[in-house]
Amino acid sequence: MERSALLAREGPAEMRNHSILRRSRRKKLAIAALVLLVLIAAGFIILVRHWPFTQTAVAAALEETVPGKVQIGAFQRTYFPGPGCIAEGVVITGNGAEGSPVLILVQKLTIETGFSDLFRNSIRVVRAEGLRVMVPPGSGLNSWSSQSRSPSSNRVVSRFVADGAVVEFERRGRERAPLRFRMDRLTLLQRGSDSPITFQTELFNPEPPGQITAEGEFGPWKADDPGSTTLSGSYRFENAKLGVFKGIAGTLSSVGKFSGSLARVNVEGTTAIPDFEVKQAGHRVSLKTRFAAVVDGITGNTVLHSLDVRLENTSITAQVNVKEQSNREGKLTSVSGKGRGRVQDLLRLFSKDSPPALSGPIRFEAGVTFPSGHRPFLQKVAVVGDFSIDGVRFSKAATQTGLDTLSARAQGHKVKQASDAPDVAGDLQSHVVLKNGIATFSGLTFQAPGASAQLSGTYNLINERVKLHGSLQTQASLSQATTGVKAILLKPLDPIFKRKSAGAVVGVSITGTYAQPSFSIDLDAHK
């Protein structure tokens, strides 16, 4: 009403001016709309002619990323709610030649993005369903990267999802099944082509079988030098069953963090095995470790430059090196360390006796090596070391009583009954070499008040056969020391000394088995 009144008061000139202005606005709007339609049409034509999600373009992009030839079984473009595509039956072979090994299989590959992302050279999400990666034996990141080409596009995948993916490492020897890692969850996130990739994964580790959860950052990838690619993050390894390794058992858990480059990954963490067991011994013990290591992510070689072990009440400090064996399959683990604690803790690992035959504080220093493979643990582990036990005591009452009686009579004390002898402890030390399940002792010395023995020989941990020879010296004459000697270094010794001159040295031998030992003396060896 007000507008009509206003126009009524205006003259013809003013009305003509308003009409001209309206026509001018309409004309400008029409021109703008036409220009916009032309631009949209031109953009649509350009997108159609240069559509990034064609079967040829997707195959070329995959071949730039992975060294090999790409084949796609079925392909479908998608436009709504955003541009993308679906590729099914994707197969990537080594080099495309007939008979080339299959490296990657994808049941369904889905690519989704927005129209605005096309101008930012970005893809919102890629989903790989039924992804399976097969790594031939002897293949490594260096060989893969040397065969791949530098991508012609810096297009960034903001989110990559491959839940349920499987990675298989084929092993030499057709009889050996591939090492199969199943990733229940795998998500990769990236902000830009020069930004690191953030990863989150939950995977099943095959050896030892257990669940790993890890998260962190990786990259950006250095194709010309994969080893310099940086990474960092944390992990949790749970319910790992050690029983798959021949000779040992237990359930391992570990937590830790890692950082550095792919060729030099610094790892710090802890492990706990509350029920560790050497199967032949049959005893479960608590084993905990704290470690700091350097891992070569390309070769798998590992150096633990700091390893603190807690075995029940025994502490061990060690260094560990894991590397490829020369001219052999698998890894060789080398350990050097020293420790102190209780000898009974160590004996529970290797002896069936319960309680262990010996008890007492022990100090030791040793080097240990064992290769990978399917031989029993006690047959493949090798040890070279020295140990000393101060105040050793025997768990069997008869053995300990025999030591008490021997010590008393060796000092010249008259002991009518074994129970009258005072309780004593001995000192034991030796150099030992363990190889192929046989421990070889040299410089084995056992000392108790009034008596000392020096022995050398072997003890077979597999069949428990013992062969020890040496001499026994008593402080008193043999006429005062007519008693048995039992368990010189883990085994009973019961020689009967005949009357002879004061202060004597006699030859002694221990043979037979641990359960049924045989003792003998050589009285001609006395001095």
Trainee: Does any N or O in the side chain of Glu312 come within less than 3.5 Å of the main-chain N or O of Ser286, such that one atom is a donor and the other an acceptor?
Mentor: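 Answer holds: yes.
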Trainee: Counting only heavy atoms not in Lys279, do more than 12 fall under 6.0 Å of its NZ?
Mentor: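 Yes, the 6.0 Å shell around NZ holds more than 12 heavy atoms from other groups.
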Trainee: Whether the side chain of Asn266 engages the backbone of Gly260 through a donor-acceptor N/O pair (distance < 3.5 Å, no angle test) should be reported.
Mentor: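 No; zero donor-acceptor contacts below 3.5 Å.
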Trainee: For a quick check under 3.5 Å, do Gln429 and Asp390 share a side-chain donor-acceptor pair by atom type?
Mentor: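 Short answer, no.
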Trainee: Could you give the distance from CG (Asp427) to CD1 (Ile389), rounded to the nearest 0.5 Å?
Mentor: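 The distance works out to 9.5 Å.
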Trainee: Less than 3.5 Å apart, any donor N or O on the side chain of Lys338 or Thr317 sitting next to an acceptor on the other?
Mentor: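 Their side chains do not contain a donor-acceptor pair, so the 3.5 Å distance test is not met.
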Trainee: Holding to side chain to side chain contact (heavy atoms under 4.5 Å, CB included), I want the full list of residues that pass it with Leu287, two or more places apart in sequence or in another chain.
Mentor: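 Result, side chain to side chain contact (heavy atoms under 4.5 Å, CB included) vs Leu287: Ile273, Phe276, Val309, Leu311.
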Trainee: Show your reasoning for whether side chain to side chain contact (heavy atoms under 4.5 Å, CB included) applies to Gln379 and Asn436.
Mentor: CA-CA 4 Å; Gln379 291 183 13; Asn436 296 323; 5.9 Å; no
Trainee: Checking Glu365 against Asp386 for the side chain to side chain contact (heavy atoms under 4.5 Å, CB included) test, could you report, in this order, the C-alpha distance in whole Å, the side-chain angles of both residues, the deciding distance, and whether it holds?
Mentor: CA-CA 6 Å; Glu365 187 169 348; Asp386 298 274; 5.6 Å; no
Trainee: If we count only N and O atoms by modelled type, under 3.5 Å, do the side chains of Thr314 and Arg342 hold a donor and an acceptor together?
Mentor: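 Absent: no donor and acceptor within the cut-off.
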Trainee: Just by distance, with hydrogens left out, do Thr440 and Tyr459 show a side-chain donor and acceptor under 3.5 Å apart?
Mentor: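 Not at all, the side chains of Thr440 and Tyr459 share no donor-acceptor pair under 3.5 Å.
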Trainee: Output yes when Arg124 and Glu112 qualify as a salt bridge under the 4.0 Å nitrogen-oxygen rule, no when they do not.
Mentor: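 Judged by the 4.0 Å cut-off on N to carboxylate O distance, Arg124 and Glu112 do not form a salt bridge.
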Trainee: Would you check if there is a donor-acceptor pair between the side chains of Thr271 and Thr289 at a distance under 3.5 Å?
Mentor: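 Short answer, yes.
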Trainee: With a cut-off of under 6.0 Å to the ring centre and 45° to the axis, is Arg182 in cation-pi contact with Phe204?
Mentor: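 Yes, Arg182 lies over the aromatic ring of Phe204.
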Trainee: What pairs of donor and acceptor atoms, side-chain ones from residues 102-111 against any protein atom, are under 3.5 angstrom apart with sequence neighbours left out?
Mentor:
none

Trainee: Any idea how Phe441 and Phe387 line up, ring-wise: parallel (<30°), tilted (30 to 60°), or perpendicular (>60°)?
Mentor: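 Because their plane-to-plane angle is over 60°, the rings of Phe441 and Phe387 count as perpendicular.
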Trainee: Determine whether Val381 and Leu434 make a side-chain contact, defined as any pair of heavy atoms from C-beta on separated by less than 4.5 Å.
Mentor: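 In short, these two side chains touch, coming nearer than 4.5 Å.
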Trainee: Is there a donor-acceptor contact under 3.5 Å from the side chain of Thr229 to the main chain of Gly219?
Mentor: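 Looks like no, no N/O pair under 3.5 Å.
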Trainee: Mark yes or no for whether Asp345, through its side chain, and Arg348, through its backbone, hold a donor-acceptor pair below 3.5 Å.
Mentor: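 Answer holds: no.
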Trainee: Is the backbone N or O of Ser195 less than 3.5 Å from a side-chain atom of Gln190, with the two atoms forming a donor-acceptor pair by type?
Mentor: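 Yes, the answer is positive, given that a donor and an acceptor are paired below the 3.5 Å cut-off.
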